Structures are given as C-alpha cells and as structure tokens.
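In what follows, a single structure is set out as structure tokens and then discussed.
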Amino acid sequence: MSDATDTPPFRYTAALADEIELRWQDFWDSRGTFHAPNPVGELADAAHPRAGAPKLHVQDMFPYPSGAGLHVGHPLGYIGTDSYTRYKRMAGYNVLHPMGFDAFGLPAEQYAVQTGTHPRVTTEANVERYRKQLRRLGLAYDNRRTVATTDPEYYRWTQWIFLQVYNSWYDDSVQRARPIAELIASYEAGERGEEWATLSDVERRRVIDGHRLAYVAEAPVNWCPGLGTVLADAEVTPDGRSERGNYPVFQRRMKQWLMRITAYGDRLVDDLDVMDWPEPVKLMQRNWIGRSSGAHVDFAVDDHTVTVFTTRPDTLFGATYMVLAPEHALVDQVVPAAWPDGTKDVWTGGHATPAEAVAAYRAQAAAKTDEERTADAKVKTGVFTGAYAVNPVNGARIPVFVADYVLAGYGTGAIMAVPGQDERDWAFAEVFDLPIVRTVQAPDGYDGAYTGDGPAINSDWLDGLHVAEAKAAMIERLEAEGTGKGATTWRLRDWLFSRQRYWGEPFPIVYDETGLPVALPESMLPVELPEVDDFSPRTFDPDDAASEPETPLSRAKEWVEVELDLGDGPKRYTRETNTMPQWAGSCWYELRYLDPHNDKVLVDPANEAYWMGPQSPGDCGGVDLYVGGVEHAVLHLLYARFWHKVLYDLGHVSSFEPFRKLFNQGYIQAYAYRDARGMIVPAYDVVERDGKFYLGDQEVFREYGKMGKTLQNVVTPDEMCEAYGADTFRVYEMAMGPLDVSRPWDTRAVVGSQRFLQRVWRLVVDEETGAVRVGADPADDKTRRLLHRVIDGVRADMEELRFNTAIAKLIELTNALTGLPAAPREAVEPLVLMMSPFAPHIAEELWAKLGHDDTLAYADWPVADPALLVADTVTYPVQVNGKVRGRVEVAADAGEDDVRAAALAAVAESLAGRDPRKVIVVQGRLVSVVV
RNA sequence: GUCCCCGUAUCCCAACGGCAGAGGAAAUGCUCUCAAACAGCAUCGAGUGUGGGUUCGAAUCCCACCGGGGACACCA
C-alpha cells in the first residue's frame, strides 16, 4: 500500500472529494443556504438575497421510497433539475426546488403482511435511507419544505381536499365545480323542480349525493382477487391483468367510491393546448380521455328504439346494417321466433332460430377474455338477430346483428354500420355479404372503406356537401325531426377511488343509520390510520372472480364503530373502511411544498400566487418545470390535473393547471450478462476481452435492460460516491448525453469526469504543496476570447437543459487553461462558477481557496462580453462546385464584394480561366463558386 | 396494423442547410514508477443505416425502404 506516498498529497482524489463534499453539505445545511423565501408566512424572509426576485418553481416527480434504495438511474432527473436550479439561482432567480416522498403504497404493505413489520416502520426507514442517499449527492433542496404523503399532517390535507371534492358538484351551465351547498339552496328555492318539496330527508340526501364530485356507486369495477382490492382502469394492463403483481382482473359490479373526473373531460383535453408538454404525452392524455363528438341517432326496431352513437352522422344514408354489442340490454327483446324471409345462410351461424343463434354467440363472446377478443380482432364474427331496424333518414330496413366488435361499454353499445366509410364495418360486410354504399366520393380507383374527406354522394339532400358541413347539416335535421341529437362520448370513465388496503389515507367519511355517507367536519381531520395487527386485505385465489373484498380497516372494530357529535348530538356512526389509492397523495403535493407547515390552509393564497400563479393573461400557471419519467403520462398527471382544477374552481388556487412545463427525462439502463445456460450472472464481475465478455474463463453474453435485482446489474450512487465522489458522479451523469435520451451506464467511463475535475483542481491548487497557484496576470487575448465564447455558449446550453454540451465547453476551456504556465484568475473564477451547478462541492472549495468567504450559490453568473465574441478576421473556405478548393482570411467586417474578390483570387487556379456562373457569399461562413 | 422518436468513429455523444468533431471513454506510444495503478503528454480514428429527391451546397429538408425503441390497438 504505497499509494498514499506516491500520490501527490493535494491531488483531488476520491478521499479528498469525500472530505470536501461532507464538509460543504454540512455548511449548506447549517446555513440554510438553499432556503427559498416565501412572500408571506413562516417561511417569509425579507432579508434573503432573493426575496422579491423573479421566481422559479422546479420540481421532480417525487419517489416512492422502495426498500432497495436508489440506483444510479434514479437521480438522473434530480441532478438535472439541481444543476438547472443552481444555475438559475446564480442568474438571479428565487428558486423553489423541493423534494418529498410518495410513501403510501403496496410494497411496504406487502412486506408488512409477510413479516408483521408495521408499514410505517418500513416506510420511515426507507425514507430515511433515501434522504441520506440524496443528501450525499449534494442536491440543493429547501429541506424545510419536504413532505411525506404518509405523515398525518400531510394527509390531513389530502383528506381535506377529498372533502372539497365531496362537497361540490359540477355545474355544466358554467363549466365548473361549485359548493354543494349552492345546489341544495337551489333545490330548496324550487329552482330545480317541484319534486324536492315532496321528498323525505333521506331521499333528498340521495338526490344530492348523486351530484357530488366524489360519490359512492354500484359500478363496474376491476376486481383483483389476487391483490384483494379493486383497481382503477389505468392500473389494469391491456391484457386484463393488474399492473402490480400481474394477477387476473375481473369485471364486477361493486359499491365503491368514484370521482367524477368525466365532468372535466372537456377542460382536461382543451387545456392541453396551452401547456408546454411533450407532444407524445399530450397525445396519450387525449387518447386516454378519448373525446369524440358526433350524434346519437334513434333507430326503430319493431316497438323498440335503439339509440346508436356515431361520429359520422353525415354517412347515415350509407348505413346498411346495425350492430348491437353482445351485452346490449335490448338484444333479447328484438329477437323474433323464426328467421325472417331473406335471411342469408352466413347470417345464422347455422342455428335453427334467431334465439339459438344469439344465445350461442353471446355465450361464446362472454367466454372470451378481452385479450382474446382483441387478438381475434382480425376476423369479424357476429350473428343476425332476425330483427330489422328502420333508418330514420330514408326509411330503409336494415338487418340488426350482434357482434363483439361493438363494445358494450362505449357509446350506447350499438352502432349503425357504414361499410363504405368504416374499415371495421367494411370487413364485417365482406364476411356477411352485406351491401356497401359509398356516401362520400372516394378517389378514382380507391378500394376499401374511405374515411377521408370528399363530397357526399348517394345521400339525397346531403349530396355535394363535404364531411364537416354534412355532419352539421345532418345533426340539425335529426334534431329538428326528433330522431337524433348531437352528442359527445368519452373513453374516460369516472375515477375509481377506493382501495381495500391498509396503507393509504382513510376517508374522512362515516355512515349513519341510513347507510348514507356523512362527511366529517374539518375540525376532525386528520382521520388517522388505526393501529392494527393484521395489515392484509383478505386475498383470494387469483382466479376466484366471485370473491368479495374485505378491508383490513373493517377488522379494527373499536375504530370503525364511533360515537360522534356531528351537529345533532352524539350518535353512533360507522367509519368508511376503504382507503384512498396511492395517487391521492401525489395529486397535490406540488401545492404543499409552497407552504408546508401551514395549519390554517392548504396553502396561503399569496404563496400560491407567487410560486404558481399565472404569469400573464391566459397563462395556466403551475410549476415552471416538472421533470419525471414518461410512465406517468396518464395516471398521475391526469389525476393531479383533475384535483388542481377542482381546487381552482372552488377558489383555493389561482393557477388552473398544476404543471405548466413538463420534461420527460430518459432512463439509464445497463448491460446484463447471461452464461451459456442462460442464467444471469453478476455484471460487476464480467470483464471484456477482444470484444467478448467473460466471467472468469467462461464466455458470457451481453444484453441490455433496466437496472435491477433480477438482471444483477445494479450500480448505486453510494458506490460511485465512494469510488469517485458525488461531484464526479454528477458530472458524469450530466455529461453522458442529453437529459431526455436513455443511455447505457458505463462505470468505466466515469473516470473521464474525475479527470476533468482533477484538472480544474490543479489549475487552482498545487498538488505538491496545496498552495493556491492561480495566476494574477490578465489573460491573453486568445484565452480571453475563448473564455467569453464559452460563457456565452454555456449560458445558452443551461437555459435549454443541454448539460452535456455545457460540460463539453467547460472541459474545452479547462484544457486550454491547463496548457498555460499559470491559469489566469480572470478565467479560472468564471470557470469555477460555471462548473458549480454540476460539481457544487469542489466549486465551493475552489471558490473559497480563491479568496471568497461565502458560498457561491448566490454569486453572479458570468456574463459574456459581446465585443469578445466577434473575431477580428474570418477564414472563409472557398468551394468550387461543392468542393473546398481554397481558403481566404479577411477582416471580419469586410463587405461582401471584398470577400468575393478575395475568394475568386484564391481559387483562380482551380477555375482555370472558366467564368464563375454564380458566386454565393455566406457572410461569416463560406464562399461557394459555381462554374 | 397505425402513429411517434432515434440510426454520425469501437462505445457514449457534438455539429443556425455551409470546412463532419465540442467533449468523454476505449486503443496505441511516451513521461512518472523498482514495477503497477493513478496522473500527465501525444497519437489514432467515421463521411453520417440504405436508396432516391430538393439545393450552388444535405448528417440536417422531402419520399421510400431497413434496423432499434416507445405509444395505441375494434372507442363507432
């Protein structure tokens, strides 16, 4: 062990980095360096250097603190926002950059079920570990503002928001939520019909409860026996399994809490237009919400009326048959005793009567899972019901089919089929030999269903109109005749909000003797989770669709049965024993950061307006930059937008969107290795030789995937800090590529970032003596010009989050300074300031060594001198027919004619007497000569 | 099947339509060392997935195809 003697005593090594980093972390903590002042309240501080400055609110999607701790992929976004906010703070902004923990959730609960350890114990330990890991990275959070969703002081307000939602209704006439008291007043004033006066108290409550934005309903839900809980649509994978645990999920009707997010469908779609979000995420939200506008059209089927939904009312003259979903309620009622005349053989499925055919088909459809239905989508199946419908616009009789390509849960569960303009209908019509009538003129030679625009044909009075006008004209006619109505349908359903779980927020709801819910008053919040011995919901055989949920809280009898005085004297009540889903706490945390300890209100309006309020007329307001993975594109981001809009409608916040700008960071993935038997081997022990990979002598094979236990390729920030220090780790993560691009982790390459920091260190500190060696002389002209070019470029890169190119420029400058006998202070100081967002500890240390006695966190960010950005002379390459044939150096301010003359002289030889046909001078760039 | 993103040196990545290289890694040589590691200095390198088109000029814009990643997938 002679390392210590051979390494220069003052070299920037991992050990020195460790010492510097821990010291500065303590310094920042003890000084409260990164505290951000609020306008009002406990966190206001008029003496703060950034009090009253322009604000910037930057936030990361907060983590679920898992038992495995962080790996190097997790902090990528955190380091990105930290670098950005450190830069913006130096550039003069009052920066809010908080961090918290999404601490309710299944893993801690499942661990509790297995081991009997209370989820709170596990969660707190995990949170503590995360805090330590994040602190070690030197992330400049305002730690006074941290939140954990499991903290009763936090979930008190989650419950409070639930009460706001519960105690309001959506007034369609003004397109916003209003207090439920206003609805009750309206009923009592007789503005909503006479009936109210005749109702009993209980009936009145039922009427009102039916309008609330949070309500209990018997609804089709996703019941997952394997987890013992119901799930939101978004938590179910397309193949009908639970996203967590991958258990089968069954459709069941159950009594559950729902939130009326569908009321906000229009605004959730429309407001996407004003937000600065990645287009793919906006698209995913639009798809998920699935707004489509068209019309409901009534078709007579014998004595019954079947209403269909269509987005193409303009094609009504081309409707040649009708389809009901197998589950449609009217199917049985329209089926006649025998096949009518004209029934084609392919329509019957080989059955003797319509009733048999329909029953057989329905049984067959019911037996299919959604997955099978989708997999079979290529081949259209169905059967004739024997009934005919009458097309309301032309009186045509069209056969009514049952087919599973029509979904019961969307629209009305019935369609008019227009094969000429719909690909699915076309495919069905071909199988069942049904007529095809084009009602939109297709291009010459077009085969198949034509869904594009064109003039209407075969459509009587619509002929000649284009699609958009034809739709409007048809809707107008249908409404006038009373056979239809313009309509909008949604794919989005109301949000299933209850879970049969222990480790979640209890509802602030009790039930009285009527069995109807009663909201607890704010004064009784928080409703804390009771202590229980058994955390597990009753789980079942994962395939037992008929099982019934039983919540863990229902077993805490002394908690469930309570005596309360809710205004009419002490009475017995029963508590709600479901808990809220994990999304609840993350639906509003961006607001609590603003005023984390306020026990009077969720957030003081002045603080909300400052940090998140609209910045200009029409601006939606919200967090200025929200960074996280794209996997939350619909779930979290849709739910949070919904809650925020409710709070906006009720006047609690001034912004109508929570996140003005969204940025999706990429992922750090890693190589994994399998041996010849296909077994994963620890990536850490694999070595590369001659392009092949070996574990010992055995060749192994490389693949690429997520970092994790199963692939045995986890690298932790702790290891990186130990081997190189946090600054090196941070610089490496920011330098390896653009923030939004996924890339492979390569531990071998980290050393490059360490060498960069070592070189900067050496510019300031003599490795042998530890003395400050920075030069006092002014920089030479060349160095000075480079410095200002770098200052200029780095600022632009920082603004655009292009950290990789910013770091490249800093390295370029460093390498230039390294070559000088003594690096001039004039260049070193800006370099230290500019590297500080990425490597804050070493930058602080060097800043101090350069003679500054306070943190550089509030030092002025360097500004480039424009005069030094323009060169004295410019070298123009001269192209002849696209090939570079010469170069000329001319004064930077030379006119175009001078440049042309010089250029032509320079390539006279190549021209060989030919006359240039054209000479193009690109100012400052090049000259192109065409002969 | 439809839509979106991406293909630049051995690898990760740069290049307002204007000389393909900012930066890092690897590799090679040298310095330091008894030796090695660290560190330092130097060297090495592709014509931009393929084929067309637009242009004086294309990695960049357009079209088609190939490869990789992602989203959606009977939503009437």
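What you are looking at is a predicted structure, and each value in this text was computed from that prediction instead of being measured. Below, chain A is the first sequence line, B the second, and so on; all start at residue 1.
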In rG70(B), glycosidic geometry as syn within 90° of 0 or anti otherwise: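 Anti conformation for rG70(B).
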Of all the nucleotides listed ([options]), which has the minimum atom distance to the side chain of [X]?
X         : options                   : value
Thr311(A) : rA14(B), rA76(B), rC74(B) : rA76(B)
Leu926(A) : rG23(B), rA76(B), rG18(B) : rG18(B)
Val741(A) : rC13(B), rA71(B), rC41(B) : rC13(B)

Ser83(A) side chain vs Pro837(A) backbone, donor-acceptor pair below 3.5 Å: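 Yes, because the side chain of Ser83(A) sits within donor-acceptor range (under 3.5 Å) of the backbone of Pro837(A).
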Provide, to the nearest angstrom, the distance between the [atom1] atom belonging to [X] and the [atom2] atom belonging to [N].
X         : N       : atom1 : atom2 : value
Asn664(A) : rG69(B) : CG    : C1'   : 15 Å
Phe309(A) : rC74(B) : CZ    : C1'   : 15 Å
Leu763(A) : rG40(B) : CG    : C1'   : 13 Å
Asp746(A) : rG23(B) : CG    : C1'   : 15 Å
Glu430(A) : rC74(B) : CD    : P     : 20 Å
Ile811(A) : rC13(B) : CD1   : C1'   : 12 Å
Glu631(A) : rG70(B) : CD    : P     : 13 Å
Arg762(A) : rC38(B) : CZ    : P     : 14 Å

[N] and [M]: how far apart are their [atom1] atoms, nearest whole angstrom?
N       : M       : atom1 : result
rA58(B) : rG49(B) : P     : 15 Å
rA14(B) : rU31(B) : C1'   : 31 Å
rA20(B) : rG47(B) : P     : 13 Å
rU33(B) : rG23(B) : P     : 30 Å
rA25(B) : rG70(B) : P     : 30 Å
rA15(B) : rU2(B)  : C1'   : 34 Å
rA9(B)  : rG51(B) : P     : 16 Å
rU43(B) : rU60(B) : C1'   : 31 Å

What does [X] touch in the nucleic acid at a heavy-atom separation under 4.0 angstrom: a base, only the sugar-phosphate, or nothing?
X         : result
Ala808(A) : base
Val418(A) : nothing
Ser742(A) : sugar-phosphate
Thr13(A)  : nothing
Val750(A) : nothing
Gln758(A) : sugar-phosphate
Gln879(A) : base
Thr310(A) : sugar-phosphate

Could you check which nucleotide pairs with [N] in any of the strands shown, counting Watson-Crick or G-U wobble with both distances under 3.5 Å?
N       : result
rC16(B) : none
rC72(B) : rG1(B)
rC30(B) : rG40(B)
rA22(B) : none
rU55(B) : none
rG7(B)  : rC66(B)

For [N] and [X] - does any side-chain N or O of the residue sit under 4.0 Å from the phosphate oxygens OP1/OP2?
X         : N       : value
Lys918(A) : rC56(B) : yes
Arg748(A) : rG24(B) : no
Asn804(A) : rA14(B) : yes
Arg755(A) : rA39(B) : yes
Arg491(A) : rA73(B) : yes
Ser292(A) : rA76(B) : yes
Asn815(A) : rA22(B) : no
Arg759(A) : rG40(B) : yes

pair Arg312(A)-Val467(A): side-chain heavy atoms closer than 4.5 Å: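 They are in contact (side-chain heavy atoms under 4.5 Å apart), so the answer is yes.
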Decide if the gap between the ring center of Tyr321(A) and the ring center of Phe432(A) is smaller than 6.0 angstrom.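 Tyr321(A) vs Phe432(A): aromatic centres not under 6.0 Å.
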Sub-6.0 Å ring centroid separation between Tyr724(A) and Tyr732(A):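 So the answer is no for these two rings.
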Check: Arg743(A) side chain, rC13(B) base, donor-acceptor under 3.5 Å: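 No.
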Is any NZ, NE, NH1 or NH2 atom of the basic residue among Arg795(A) and Glu799(A) found under 4.0 Å from an Asp or Glu carboxylate oxygen of the other?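 Not counted as a salt bridge, because no side-chain N and carboxylate O are separated by less than 4.0 Å.
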Is it true that Lys809(A) and Asp797(A) have a side-chain N and a carboxylate O under 4.0 angstrom from each other?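 Counted as a salt bridge, because a side-chain N and a carboxylate O are separated by less than 4.0 Å.
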Find the distance between CG (Leu813(A)) and OG1 (Thr818(A)) and round it off to the nearest 0.5 Å.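 One gets 9.0 Å once the value is rounded to the nearest 0.5 Å.
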Map Arg802(A) and Arg312(A) onto RNA chain B by nearest heavy atom, then report which one ends up closer to the 5' terminus.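 First, find each residue's nearest nucleotide; the 5'-ward one identifies Arg802(A).
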Taking the nucleotide of RNA chain B with the closest heavy atom to each, which residue, Arg291(A) or Ala735(A), is nearer the 5' end?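 Closer to the 5' end of RNA chain B: Ala735(A).
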Name of the residue among Arg11(A), Arg773(A), Gln758(A) meeting side-chain hydrogen bond (donor to acceptor under 3.5 Å, both in side chains) with Glu767(A):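 The passing option is Arg11(A).
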Distance-only polar pair, side chains of Asp746(A) and Tyr671(A), donor-acceptor under 3.5 Å: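 No, no side-chain donor-acceptor contact under 3.5 Å.
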